[in-house]
Colleague: 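Sharing a structure here in structure tokens format.
Here, residue 1 is the first one in the sequence, and each next residue gets the next number. Just so it is clear, the structure is predicted and the values come from calculations on it, not from any experiment.
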Amino acid sequence: MNEADQDRQKEQQRVVQVISEINRQIDSLQEHVTEVSADIVGIRKHFWDDVTVNFEDASEAAETYASIKQQAEVLSERERVHRHAIQQLRTLRRLVQSPYFGRIDFREETDSASEPVYLGIASLLDKNEEQFLVYDWRAPISSLYYDYAPGPATYETPSGTVTGEITCKRQYVIRDGKLLHLFDTGVTIGDELLQEVLGKQADSQMKSIVATIQRDQNRIIRNDKSRLVIVSGAAGSGKTSAALQRIAYLLYRYRKTLRAEQIVLFSPNSLFNSYVSTVLPELGEENMQQTTFQEYAEHRLGSIFQLEHPLTQMEYVLTAMEEPGYPERIAGIRMKTSPRFMQVIDDYATALKESGILFRPLKFRDRTLISANRISDHFYSLDPSISIPNRMTLVARWLLGELKKHERVERSKPWVEDELELLDKDAFAAVYQELRRKNQFREDTFNDFDREQELLAAKIVKKQFQPLRTWVRELQFIDSTATYRQLFTDSPLTMSIFGADERPSQWSEICAQTLARLDQNELTYEDTPPFLYLQEKLEGFQTNNIVRHVFIDEAQDYSPFQFALLQRLFPRAKMTVLGDWNQAIYAHAYESSSFEAVASLYEPEQTETFVLTKSYRSTEPIVTFTRQLVKDGDRIEPFQRAGRKPSVTVVQDREALAEQIVGRIAELKAEGHQAIAVITKTAQEAQEAYETLRDKLDIRMIGTRAISYETEVLIIPSYLAKGVEFDAVLIYDASAERYSRESERKLFYTACTRAMHELHLYSIGKVSPFLDSVSADSYDFLSS
């Protein structure tokens, strides 16, 4: 037996020993869980048997309360122990399948011998809890595995920097207790392991990548100093995976002070939320909060407006080119999401300190109690050096005082007498008892009718005024809609801020469209962020001081308003922003190329930017093809994973197209591919494709309301597929008729880059001009 075989045998023996210890711990922990479960059931069953209930006097009541509290605390402690044990069991059961994936032998400069360090998804101690059999990949020493080749190396610990030398670096593929592969490697995670991982079939949910984290990704994951982390990366470069591992790292690194609910991920849609929902649980961590900007907007404005969904706007942009007002709408989208318009809102808010805020009158029973002009006069009588939100608070306080005066006057109105006559005996009895408690009856009579009537009238009026008081406390007297609407009129105030020479040539049409929507209580997607921003300028920014980390994925789709709102909403949070400007598919973003809007919100020394250029998702032939579709695509580096060239097939009509797609899908399924996506340009085209194909094969359509999907044959619009990956992608119609406008180039690129192993494009007639930039030897051209 040669040295390599002996080494492999020793490694296999260690795998067996470690798995044996894991199984021992599982058995022990399972026994413990059973005992604790029995304790919990017993405590719950006999909870009141051990509690003496006596409320005869204050002393007995206090003793009863203490007894109940003690029992509740015992139950709570047992339940906490049970939850922790269950969590440990889940971790051990994951470890038993693959206890570790890497090893480094590290010799500290003060030591004479190297110490082997094995890395896995969680730490594992030996039977005596003295030695680590496996280190958690997030432990400080584990960073050596990701950052260094054999040779001199250092890592940071809470107590300082540790210096030494890596004498061995090794990777493993262990499945079901068997050592399938092992190989020594250098600084990056070896191509052999990546090939093994990336060559697998796609799944309906993203998987953990801790075994294949690259050095640049590791720097992103372990960055805990920067206030703002910007990750700009090519499609398939591991941006989202690194972000999720970063969350897992932060929860581990700050496990005593940071909880999962203090981390929020803003993602592009609900489908994406489902796709990434299993990564953290796979690593033994609870999921962070997941939401979208649209959900936040609905929470804030959904009771006032019918909000346009971003995907509705996207569908309009891609399908309504022939509709009246289309060019003006596109111009409005770009203007309202621009940094210049954000400056306009800022200038507008500054001008509103002096004049121009519009108010709503306070009305009661169809009568105006306090007019809008009177509220305005009071607001502008206050010291102008006080901020608008603080002045609004003072106005609300004044209005509540005025309402009290009106309440007293209202008690003698005829409508109150009418209400009194309708009261039942219970209401009079309640008032009688209240007067008795307050000693407000005269000594000579128990039938003080006037006092009863007075108290009842006060109660009736107070109840009727309660909605008005709530209305005032919620600052509903500010007419934010009318104040925003004013921006799109030719008022002198607006003209002084946003002069005619700065406005788009379609300004009058943009104004007309905006006012028409507002009059119908509709708010377009492009109007939502600026409206929210202005509203916050008037009312004061709502803040969440609990959240400590905010992650924004697909950040290239965010406008300056959205970044500013999120920064102010989470003032104590650090922010991680991830995106790819080659996938900026929204109308307002496709011409942009940097994250300057979010970077400008933080100091330069608080910001660190990472650029990921290597694409791991797709095979080398697919990346070679797709990178030619976009500007500066030569900066994208393909990972050297072999595969078929993409194909481009030209057909004559839809019938031939359906025949080709059905045949190709049959071939792909026969080859073992499971996640196969037929990607259309729009939801409208997806519906047409579904109607054509559903009788010919088992296929499912994913619409804008979808929240999850399985690994099957799907039809999905291009903009919904963003962020997700598939074994094979079939572009339904890559013709010049479908994709010809330059504004659609990035959408086309995004659709093509969803493919992991196979990419096939079909075109009814002439192919898209985007392929003119792709060399002919990068794909196979077919014709039917």
Side-chain angles (χ1 to χ4, degrees), residues 6-38 80-106 114-146 168-183 189 193 196-197 200 203 205 207-213 245 248-249 251-253 255 278-287:
Q6 290 177 347
D7 191 28
R8 184 183 181 88
Q9 189 178 63
K10 285 174 61 179
E11 290 283 14
Q12 178 61 54
Q13 288 173 354
R14 187 182 192 278
V15 169
V16 171
Q17 291 168 359
V18 170
I19 289 177
S20 175
E21 175 57 24
I22 294 172
N23 283 324
R24 187 197 67 77
Q25 292 188 24
I26 288 174
D27 293 341
S28 174
L29 199 54
Q30 185 62 65
E31 187 177 333
H32 177 60
V33 166
T34 302
E35 291 174 359
V36 175
S37 295
R80 184 190 61 78
V81 169
H82 184 262
R83 285 194 301 271
H84 181 66
I86 290 294
Q87 187 65 34
Q88 283 183 301
L89 262 180
R90 288 175 183 156
T91 300
L92 288 171
R93 284 170 179 156
R94 282 191 298 271
L95 278 176
V96 80
Q97 303 300 317
S98 180
Y100 46 87
F101 55 79
R103 164 188 165 184
I104 51 170
D105 292 358
F106 184 68
S114 298
E115 186 75 25
V117 175
Y118 290 83
L119 282 70
I121 62 167
S123 295
L124 178 72
L125 288 165
D126 64 10
K127 183 177 181 179
N128 300 320
E129 297 192 351
E130 294 176 351
Q131 299 291 328
F132 277 97
L133 298 177
V134 181
Y135 282 84
D136 193 298
W137 67 274
R138 297 165 289 187
I141 195 171
S142 301
S143 66
L144 294 170
Y145 174 77
Y146 300 109
C168 174
K169 183 174 179 180
R170 183 167 286 179
Q171 296 165 15
Y172 308 92
V173 177
I174 302 170
R175 297 289 182 268
D176 298 323
K178 292 183 179 179
L179 178 61
L180 302 182
H181 305 288
L182 72 86
F183 19 78
I189 306 308
L193 182 56
E196 197 268 343
V197 172
K200 291 182 177 179
D203 202 343
Q205 292 175 313
K207 298 300 181 186
S208 162
I209 61 159
V210 294
T212 57
I213 292 169
Q245 313 301 321
Y249 169 77
L251 289 170
Y252 174 86
R253 172 75 172 79
R255 54 193 176 277
T278 59
V279 173
L280 288 176
E282 186 183 327
L283 295 171
E285 301 289 356
E286 292 182 26
N287 253 329

Colleague: How about Ile22 and Pro99: do any of their side-chain heavy atoms sit closer than 4.5 Å?
Modeller: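 Touching, per the 4.5 Å side-chain cut-off.
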
Colleague: Ignoring hydrogens and angles, tell me if any N or O in the side chain of Arg138 forms a donor-acceptor pair with the backbone of Ala248 under 3.5 Å.
Modeller: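 Yes, because the side chain of Arg138 sits within donor-acceptor range (under 3.5 Å) of the backbone of Ala248.
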
Colleague: Please evaluate residues Phe132 and Leu124 with respect to the criterion side-chain contact (heavy atoms from CB on, under 4.5 Å), reporting the C-alpha separation (whole Å), side-chain torsions for both, the decisive distance (0.1 Å), and the verdict.
Modeller: CA-CA 6 Å; Phe132 277 97; Leu124 178 72; over 6 Å; no

Colleague: Quick check: do Glu115 and Ile141 have side-chain heavy atoms less than 4.5 Å from each other?
Modeller: no

Colleague: Is there a side-chain contact (heavy atoms from CB on, under 4.5 Å) between Tyr145 and Gln171 once you walk through the steps?
Modeller: CA-CA 10 Å; Tyr145 174 77; Gln171 296 165 15; 3.2 Å; yes

Colleague: Short question: side chain of Ser20, backbone of Val16 - any donor-acceptor pair under 3.5 Å?
Modeller: no

Colleague: Ignoring hydrogens and angles, tell me if any N or O in the side chain of Ser98 forms a donor-acceptor pair with the backbone of Arg175 under 3.5 Å.
Modeller: no

Colleague: Does any non-hydrogen side-chain atom of Lys169 lie less than 4.5 Å from one of Leu144?
Modeller: no

Colleague: Under the rule for side chain to side chain donor-acceptor pair (under 3.5 Å), what residues qualify as partners of Glu21, not counting sequence neighbours?
Modeller: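 Applying side chain to side chain donor-acceptor pair (under 3.5 Å) to Glu21 gives Arg24, Gln25.
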
Colleague: For the residue pair Gln97 and Asp176, establish whether any side-chain heavy-atom pair is separated by less than 4.5 Å.
Modeller: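 The answer is yes; the side chains approach within 4.5 Å.
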
Colleague: Please answer whether the main-chain N or O of Tyr252 pairs with a side-chain N or O of Arg255 as donor and acceptor at a distance below 3.5 Å.
Modeller: yes

Colleague: So do the side chains of Val15 and Gln12 get within less than 4.5 Å of each other, counting heavy atoms only?
Modeller: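 Touching, per the 4.5 Å side-chain cut-off.
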
Colleague: Would Trp137 and Tyr146 count as a side-chain contact (heavy atoms from CB on, under 4.5 Å) if you check the C-alpha gap in whole Å, the side-chain angles of each, and the deciding distance to 0.1 Å?
Modeller: CA-CA 10 Å; Trp137 67 274; Tyr146 300 109; 3.6 Å; yes

Colleague: How close do Leu179 and Arg8 get, heavy atom to heavy atom, and via which atoms?
Modeller: O-NH2, 2.9 Å

Colleague: Would you indicate whether the side-chain heavy atoms of Tyr100 and Ile174 approach each other to under 4.5 Å?
Modeller: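 Counting from C-beta outward, Ile174 and Tyr100 do come under 4.5 Å.
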
